[in-house]
Amino acid sequence: MNATQSKPQTVALARRGFPGIRCPLCGSEDVQTLALDELTTFRCAGCEDEYTAGDVRELLSAWSAVLAWIDAAPAQN
């Protein structure tokens, strides 16, 4: 099989995006896609807004601090 024959399958996979991942901007569960030319910009199919991998890292960092605080809290009986 040559490169031309495999291209439609690659395009079909690229259009699938990341189902089940919520948009950090609107909370939509619609498919989140990634710009394949730069691999840093995401686009939400729900709100049609864009966000970056840096935005996601910042959100995860903030939530990680909250989760660490919760994990360190004494257990309630």
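Hydrogens, waters and symmetry mates play no part in the numbers below; they use all other heavy atoms, side chains included.
Checked against side-chain hydrogen bond (donor to acceptor under 3.5 Å, both in side chains), D49 has no partners two or more places apart in sequence or in another chain. Checked against salt bridge (Lys or Arg N to Asp or Glu O under 4.0 Å), E29 has the following partners two or more places apart in sequence or in another chain: R22.
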What verdict does the side-chain contact (heavy atoms from CB on, under 4.5 Å) test give for T33 and F18, after you've listed the backbone C-alpha separation in whole Å, the side-chain angles of each residue and the deciding distance to 0.1 Å?
CA-CA 6 Å; T33 57; F18 301 94; over 6 Å; no
Review item, side-chain donor-acceptor pairs of residues 60-70, under 3.5 Å, at least two apart:
from: S64; atom 1: OG; to: L60; atom 2: O; distance (Å): 2.8

Under 3.5 Å, side-chain donor or acceptor atoms of residues 34-46 against the rest of the protein: list the pairs with distances, not counting sequence neighbours.
from: E38; atom 1: OE1; to: T40; atom 2: OG1; distance (Å): 2.6
from: E38; atom 1: OE1; to: T41; atom 2: OG1; distance (Å): 2.5
from: R43; atom 1: NH1; to: E48; atom 2: O; distance (Å): 3.4
from: R43; atom 1: NH1; to: E50; atom 2: OE2; distance (Å): 3.3
from: R43; atom 1: NH2; to: E48; atom 2: O; distance (Å): 3.1

